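Data block below; observations after.
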Amino acid sequence: MTTLSRFTTLASLLAAGALLSACSKQPADTTTAQVKPAVELQNEFKITEVNPRLGEYIKTLSSDEFQGRAPATKGEELTVAFLEDNFRRIGLKPINGDSYKQPVSLVQIDPTQVSAMTLKGKNLPAQFNYRDDMTAWTKQVTEQVEVTDSEMVFVGYGIVAPEYNWNDYEGLDVKGKTVVMFVNDPGFATKDPALFNGDAMTYYGRWTYKYEEAARQGAAMALIIHETDAASYGWGVVAHGSPIKFDLVNENKNADLAKVEGWITTESAEKLLAHIGTDLATMHKKALEKDFKAVALDATASISVKNNLRELTSSNVVGYIEGSKYPDEYVLYMAHWDHLGMDFSNPSNKVFNGAQDNASGTGGLLALAEYFTQQKQPERSVVFVAVTAEERGLLGSAWYAANPVFPLEKTVVGINMDVMNVYGPMKDMVVVGLGNNNAEDILIKYTKQQGRYAVREPNPAAGTAYRSDHFNLSKKGVPILYAKGGNDHFEKGIEWGKAQSAEYNKCCYHKVTDEWDDNWDLRGAQQDLFLFYQVGNELANSREWPNWNKTNEFRALRDTSANARK
């Protein structure tokens with residue numbers, strides 16, 4: 001057992017690592033949409049149509065012809081060709097000769113056998129069974145890994161957060177050991193707004209961060225205790241989905257990661273703790289104490305994982321408008337073009353069309369790019385990035401962040417579009433992670449000009465700010481806006497809007513039923529696109545450099561590159 005000093009300032013920074021064929025010209029001015037609302041809107045509530053082709057783009061990308069847009073398939077070939085053709089048609093500059101493609105190297109890790117986790121220790125079960133008591137995998141790119149008789153130690157939340165004076169690993173050597181930890185962060189546990197970010201999850205609460213930190217500490221295996229409220233999803237989501245993992249190809253084949261990552265059930269955790277005379281409730285309290293000490297679990301764990309491996313090549317699609325005065329400074333828009341492909345076992349409907357997720361965002365990216373090209377040339381460059389493999393773990397954006405086409409330290413802001421509003425004009429604009437950076441001030445200003453109001457996401461404890469492509473740029477310090485129309489429908493009210501969102505989650509999200517609907521009301525998506533245009537256009541014609549707020553976990557990363565922006 002090693003004593004940890006809870007409130008010790010660290011010198012190290014958080015390391016990086018833990019969803020158009022027509023040709024007519026658009027008008028340069030901003031006019032209201034041609035669709036006449038069923039109910040007359042208030043004068044101060046403005047609906048602005050950015051591009052009438054938006055629906056056409058979404059409908060085409062989500063058609064059966066595009067086969068669900070899975071990476072490294074015929075669906076990708078069609079999608080990338082469609083994006084390139086339209087980037088070229090509307091006048092975006094390519095990034096490599098006449099090509100808009102940034103190749104992305106992926107590896108598919110398919111576990112063919114995961115053993116039970118065998119345990120040694122008094123009064124412990126002989127093993128935890130795969131998917132019933134625990135789930136596990138490896139991100140190391142190898143055909144087999146084994147962890148044998150690894151000492152188990154409870155490390156609280158498994159967090160090293162210098163800006164919060166928090167270090168669960170200080171003075172603790174876990175090399176070759178198995179670390180066991182809680183999901184989420186102390187702010188969620190206490191609901192104290194002065195601790196971390198209160199009920200809103202920080203990056204330190206995400207399971208991806210916890211595995212990354214365990215690897216940095218040298219752990220052989222990292223296990224997170226599953227609790228539904230803290231994780232924001234049930235055990236079935238963790239243990240009973242597809243076990244196949246995807247990752248980026250790199251030289252060390254992920255040898256720097258822990259050999260095994262995984263989760264254990266609440267019941268399994270209680271058994272581990274009971275045999276040393278304690279329980280989860282007690283450990284929850286201890287993990288929040290200033291003088292918290294890591295707890296040896298007087299047990300060892302062993303497990304093996306066998307894999308099939310397959311390397312794949314996919315593409316991000318990148319085009320840009322070169323700035324007139326500051327071409328080496330960049331405003332970046334992003335959306336993921338990929339979805340889930342085909343379900344060949346389904347006799348009636350085989351295509352995961354992904355109309356809302358995320359043909360809507362990709363169509364929005366095209367519509368916005370086309371609108372930008374018809375305005376006065378911006379002083380800074382404006383970049384449009386359609387990334388691959390979001391559904392495989394945010395991998396296309398991770399590749400861009402690791403291999404940026406344009407320098408991240410000179411990227412002014414990133415604006416992400418993932419699942420746009422198809423239900424009509426909304427009074428509310430949901431800003432995911434509201435309060436994280438001052439680029440939001442610009443968005444909120446224009447939101448008010450539309451007669452709307454900004455709100456944060458309805459369940460910030462779920463960590464939505466860390467679950468879409470913008471997050472990989474956040475981890476490199478780039479200030480990010482991720483926003484979308486909310487639920488407060490201007491004509492039908494908030495309860496109607498909530499019902500539409502709930503129905504989509506129930507009937508269509510990641511299902512073959514996420515299909516284009518001719519009855520969609522895209523006035524709300526047009527609203528949001530115009531907001532995104534206004535924010536990007538203002539920053540593209542200014543000398544402003546937005547930044548993360550002082551207590552944000554990504555502020556220090558941004559500040560390290562400040563000299564590049566002088």
Side-chain angles (χ1 to χ4, degrees), residues 14-19 69-72 76 79 102-109 137 139 141 201-213 215 231-233 237-238 241-242 244-250 254 257 261 312-318 332-341 352 354 357-362 365 385-405 408 411 414-419 432-433 436 457 462-482 484 509-510 553-554 557:
L14 169 66
L19 33 15
R69 307 187 307 281
E76 164 159 4
T79 303
Q102 180 192 32
V104 177
S105 297
L106 305 174
V107 60
Q108 177 178 317
I109 308 170
W137 60 87
K139 295 292 284 293
V141 184
M201 184 190 286
T202 64
Y203 174 43
Y204 299 111
R206 285 286 287 149
W207 53 271
T208 50
Y209 163 78
K210 294 173 187 291
Y211 296 139
E212 292 160 3
E213 188 59 54
S232 81
Y233 36 72
V237 174
V238 170
S242 171
I244 297 173
K245 305 295 179 186
F246 289 80
D247 211 338
L248 303 179
V249 171
N250 57 63
N254 288 342
L257 300 183
E261 301 170 353
L312 311 168
T313 299
S314 188
S315 292
N316 294 332
V317 186
V318 185
L332 185 147
Y333 290 92
M334 175 182 288
H336 75 88
W337 61 254
D338 69 296
H339 199 54
L340 301 176
F352 287 96
D357 184 15
N358 187 35
S360 67
T362 308
L365 188 78
V385 184
V387 295
T388 184
E390 188 271 354
E391 304 288 7
R392 303 295 191 257
L394 315 182
L395 295 180
S397 56
W399 185 270
Y400 185 94
N403 307 277
V405 176
L408 297 182
T411 299
I415 299 173
N416 185 44
M417 294 177 286
D418 194 351
V419 184
V432 177
N436 280 337
E457 68 271 31
T464 309
Y466 314 105
R467 295 186 184 184
S468 193
D469 285 303
H470 62 280
F471 173 51
N472 285 311
L473 298 185
S474 301
K475 289 198 292 182
K476 297 291 187 179
V478 179
I480 291 296
L481 286 176
Y482 177 31
K484 60 183 74 180
Y509 176 67
H510 280 197
E553 58 265 45
F554 306 119
L557 291 166

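Here the structure is a predicted model, which is why all the values come from computation and not from measurement.
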Taking the side chain as C-beta and beyond, is there a heavy-atom pair between Val104 and Leu248 under 4.5 Å?
yes

Of Val387, Asn403, Leu395, which meets side chain to side chain contact (heavy atoms under 4.5 Å, CB included) against Asn316?
Val387

May I ask you to decide if Gly433's main-chain N or O and Asn436's side chain share a donor-acceptor pair within less than 3.5 Å?
yes

Atom CD1 in Ile415, atom OH in Tyr333: separation rounded to 0.5 Å?
4.0 Å

Rounded to the nearest 0.5 Å, what's the gap from CH2 on Trp137 to CD1 on Ile109? Could you check?
11.5 Å

Side-chain touch Phe554/Phe471, heavy atoms, less than 4.5 angstrom
yes

Carefully, step by step, assess Leu557 and Lys476 under the rule side chain to side chain contact (heavy atoms under 4.5 Å, CB included).
CA-CA 7 Å; Leu557 291 166; Lys476 297 291 187 179; over 6 Å; no

Going through the checks in order, is the side chain to side chain contact (heavy atoms under 4.5 Å, CB included) test met by Glu391 and Asp357?
CA-CA 10 Å; Glu391 304 288 7; Asp357 184 15; 3.1 Å; yes

Between His336 (side chain) and Asp338 (backbone), is there a donor-acceptor pair under 3.5 Å?
yes

Are any non-hydrogen side-chain atoms of Leu332 and Val385 less than 4.5 angstrom apart?
yes

What is the minimum heavy-atom distance between Ala389 and Gly396, and which atoms define it?
CB-N, 4.0 Å

Donor-acceptor check, side chain of Asn416 to backbone of Ser468, threshold 3.5 angstrom: yes or no?
no

Consider only side-chain N and O atoms of Ser314 and Glu76, and report whether a donor and an acceptor are under 3.5 Å apart.
yes

Spatial distance of atom NE2 (His339) from atom CG (Asn358) [nearest 0.5 Å]:
9.5 Å

Closest non-hydrogen contact found for Ser474 with Ile480 is OG-CG1, 3.4 Å

State, to 0.1 Å, how close Tyr203 and Glu553 come at their nearest heavy-atom pair, and which atoms those are.
N-OE2, 2.7 Å

Would you name the heavy atoms of Pro103 and Ser315 that are closest together and state the gap between them?
CA-OG, 4.3 Å

Do Phe246 and Ile244 come within less than 4.5 Å of each other through their side chains, counting heavy atoms only?
yes

For the backbone of Lys139 and the side chain of Asn254, can you confirm whether one donor and one acceptor N or O come within less than 3.5 Å of each other?
yes

Assess the residue pair Leu473 and Leu408 against the criterion (side chain to side chain contact (heavy atoms under 4.5 Å, CB included)); give the C-alpha distance rounded to whole Å, side-chain angles, the decisive distance to 0.1 Å, and a yes or no.
CA-CA 8 Å; Leu473 298 185; Leu408 297 182; 4.0 Å; yes

Determine the minimum heavy-atom distance between Met334 and His470, stating which atoms define it.
SD-N, 4.2 Å

Are any non-hydrogen side-chain atoms of Ser397 and Lys475 less than 4.5 angstrom apart?
no

Begin from the C-alpha positions of Glu213 and Tyr209 and carry the test side chain to side chain contact (heavy atoms under 4.5 Å, CB included) through to its verdict.
CA-CA 6 Å; Glu213 188 59 54; Tyr209 163 78; 3.1 Å; yes

With respect to Val141, which candidate in Asn250, Val249, Leu257, Val107 satisfies the side chain to side chain contact (heavy atoms under 4.5 Å, CB included) definition?
Val107

Is any side-chain heavy atom of His510 less than 4.5 Å from a side-chain heavy atom of Phe352?
no

Is any side-chain heavy atom of Met417 closer than 4.5 Å to one of Lys484?
no

Heavy-atom closest contact (Trp337 atom, Arg69 atom, distance)
O-NE, 2.6 Å

Interatomic distance, Gln102 atom CD to Tyr400 atom OH [nearest 0.5 angstrom]
7.0 Å

